[in-house]
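Atoms within each ligand, like the ligands themselves, are counted from 1 in listed order.
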Amino acid sequence: MNRPLRCALAAAFLSQHVRGQALSSSDMSTITNNLATGAQQSWELGTRAQSLLELYVPDFSVFSSTGLPPPASVPSNTTSAIAPVFSIAHNIVSALKNSSGPAPLVAGDGAAGDPAAIGVAVLLANWTGQGASDGVNYAAAAQNQLEYLLNVVPHTSDGAISHRVAQVQLWSDSVYMVPPFLAYYGVLTGNTTLLTEAYNQIKLYRNYLRDTSAKNLWKHIVLGNNSADDGGNDEGHWSTGNGWAAAGMLRVIATMKNSPYNNDFSSQQKDLASWVKEIHTAMYAHIDSTNIFTNYADQSVSSTGQFYDTASTTLLASTVYRASLLLGDHSHLPNAEKSRKALWATSNNSSSTSTAAHARRAAASASSGSSAKGSGSAPVSGSATSASATATSPPSSSPSATTAPLTDLVHFTSDGWLTPVVNPHQFGVQGSDSPEGEAFVVSLQAAYNEWVAGGSVGANAARRTASSAAGWVWVIGCTVLGSILAYA
Ligand SMILES: *[C@@H]1O[C@H](CO)[C@@H](O)[C@H](O)[C@H]1NC(C)=O
Ligand SMILES: *[C@@H]1O[C@H](CO)[C@@H](O)[C@H](O)[C@H]1NC(C)=O
Ligand SMILES: *[C@@H]1O[C@H](CO)[C@@H](O)[C@H](O)[C@H]1NC(C)=O
Ligand SMILES: *[C@@H]1O[C@H](CO)[C@@H](O)[C@H](O)[C@H]1NC(C)=O
Ligand SMILES: *[C@@H]1O[C@H](CO)[C@@H](O)[C@H](O)[C@H]1NC(C)=O
Ligand SMILES: *[C@@H]1O[C@H](CO)[C@@H](O)[C@H](O)[C@H]1NC(C)=O
Ligand SMILES: *[C@@H]1O[C@H](CO)[C@@H](O)[C@H](O)[C@H]1NC(C)=O
C-alpha cells in the first residue's frame, strides 16, 4: 500500500469513526428526499411530519426542551425547515371536501387510526396561524378528526378505538398514530380529558396486544375477522409494531412531561415509561449477533419466511435513545449502540471500489469542515462539529453533494434506501424502498444527535475509545509526514 493511499485510508478511518457518530447532512438530505417522494399513505405522511420535526425543527417537536405548547409563531430562521410539515397539513386539509361533522383527515382510508397520524401537523398548522395566510381551516379539520375517532370509529366494549373503520380490530401500529394526536390536541386546547384518553388508549391496547406468554412482546393485530381484504389478523410479534408502540408511548410521555400538566400526569408517565422498557426488554432479548431484528423478533432468520429488517431495528434504536433522554433510562443503550453501529456499518469489502468510496467520503467530509486545508487534526474535528451542527438545519435544497451518498454503507442502497426492509404495505414479506424506514432513520439521527450532545450518557464506550486512538495515531503520523514532505 503506498503512502498517500495509506494516509487517505487513515483519514477515511477517522472520518468513518467521526462520521459514525451520525450520518452526514448530505446523507440526510438524500434520505429526506426519498422520504418526501415515497411517503404517500396517511400514516407515512404523519410519520414523515413527525420525524422532520424531531430532526430539523426540534423547538416545535413534543421532545422540545423549551416546552409545550410550542411558540405561536414560527421564527424566520425556522420557516424553511418547517415548510414540508406545513405542506403536508395544507395538502391534506385543503383536499377535504366537507368541513362539517366528524370526518377523518383522509377520506376513504380503510384504517381509522392512520389518518390521525397527520393530526399533529394539522394542529401545529392551526396553532401557528397558517390558516390566516392560506385560508385553510385547520382547527375544524383537527376537530372533525378527533370527533371521528371518539364518536364514529367502532370501539371495543371497554373503549379501545379500532384501528379499522369496517370492524373492531386493534393494531400495534395504532399506538403511534392515535394517542400522540389525542395528547397533543389536549395540550393545545387545554383539555386534560384528552391527555387522559391518550393514556387510556395505550393502556387498553397493551391489555389486548401484550403477549405474556411471549415475555411481553406485543402481538401485531387482534380481534376482527380474518378477511384477507381487511388485513387479516396477525398474532405474530411484528418487530415494527413493537417499535410503533414504544415510539408512540414516548411521544405521549413527552407531550405530558413538557406541558403545563406534567405534575397532573406523573403516574401515567410512570406507567408509560415502564411499558416502553417492557417492550425494549422483550425485543432485545431476541436480537441475534447481527444486532438487526428479524421481521418477527422471536423468529430466527432461518425460519420460513423470515428475513432481517433494518426498518424496525432503526425505529427501536431511536426509541432507546429517546428513552435515555426523556426518562433517564439507559438500560438498553448498549443494545441500541450495537444496532446503530450495525445499521451504519461500512462494507468490509476491501476491493478498490470500496476503498475509493471511503476516500471520497473522507474528502467530502473534510471539505465540509470550516478549515479543511489546515493541519491534520483540526479539520477532522472541525468537520465533526460542522456535521452535527448542520444536521439540525433544514435539508439542503441545493443539488446533492459530489459524493455518491451512503454508497459505502452496508445497510443502504446506492440511492439511499435502508435495506433489507419489510414491505411497508405488506407486513409479512420483504420489500424495498420503505418510506417509513427512511423516517425511522431521521428519528434515529435526531435522537442520537441529542444523546451525543448530552454527553452520551450510559454508553459503553470503551472499545470505541481504543479504536479512535489508533485512528488518531495514523492521522497525526500522516500530518507530520505531510509537513516533512512539504519542506523537502
Ligand atoms: C432561531 O433563532 C433562535 C433565536 O432567535 C434560536 O434560539 C434558534 O436555535 C434558531 N433556530 C434555528 C433552527 O436556527
Ligand atoms: C358533510 O358531513 C356531514 C357530517 O358527516 C353530513 O351530515 C353532511 O351531509 C355532509 N355534507 C356534504 C355536502 O357532503
Ligand atoms: C387553534 O389554534 C388556536 C390558537 O391560534 C387555539 O386557540 C385553538 O384551540 C386551536 N384549535 C385546535 C383544535 O387546536
Ligand atoms: C369481515 O369483515 C369485513 C369488514 O372488514 C366484512 O365486510 C365481512 O363481511 C366480514 N366477514 C365475516 C365472515 O364476518
Ligand atoms: C374535552 O374534549 C372532549 C372531547 O372532544 C369534549 O367532550 C370535552 O367537552 C372537552 N372538555 C373541555 C373542558 O373542553
Ligand atoms: C464481510 O461481509 C460479508 C457480507 O456482508 C459477511 O458475510 C462476512 O461475514 C463479513 N466478514 C467479516 C470478517 O466481517
Ligand atoms: C465487494 O465489492 C465488489 C465490487 O464493488 C462487489 O462486486 C462485491 O459484490 C462486493 N462484495 C461484498 C461481499 O460486498
Enumerate, one pair per line, all nitrogen or oxygen atoms of ligand 3 lying under 3.5 Å from a protein nitrogen or oxygen, stating the separation to 0.1 Å; write 'none' if no such pair exists.
residue: ligand 3; atom: 2 (O); partner: Asn126; partner atom: OD1; Å: 3.3
residue: ligand 3; atom: 2 (O); partner: Asn126; partner atom: ND2; Å: 2.4
residue: ligand 3; atom: 11 (N); partner: Asn126; partner atom: ND2; Å: 2.9
residue: ligand 3; atom: 14 (O); partner: Asn126; partner atom: ND2; Å: 3.4

### Query
Which residues satisfy the ring pair (Phe, Tyr, Trp, His ring centres under 6.0 Å) test with Tyr199, sequence neighbours excluded?
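Here the qualifying residues are Trp275.
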### Query
Of all residues at least two apart in sequence or in a different chain, which pass the side chain to side chain donor-acceptor pair (under 3.5 Å) check with Ser65?
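So Ser65 forms no side chain to side chain donor-acceptor pair (under 3.5 Å) with any residue.
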### Query
Pick from Gln445, Glu337, Glu450: which one makes a side-chain hydrogen bond (donor to acceptor under 3.5 Å, both in side chains) with Tyr321?
Glu337
#### Entry: Inter- and intrachain pairs under side-chain hydrogen bond (donor to acceptor under 3.5 Å, both in side chains), touching residues 107-133, at least two apart
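Found Ser42-Asp109, Asp114-His163, Thr128-Gln130.
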### Query
So, for Trp171 and His220, is the gap between ring centers shorter than 6.0 Å?
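Between Trp171 and His220, the centre distance is under 6.0 Å.
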### Message
Using a 6.0 Å distance limit plus a 45 degree cone around the ring axis, check whether Arg251 lies over the aromatic ring of Phe63.
### Response
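Because its charged atom misses either the 6.0 Å distance or the 45° angle limit, Arg251 does not stack over Phe63.
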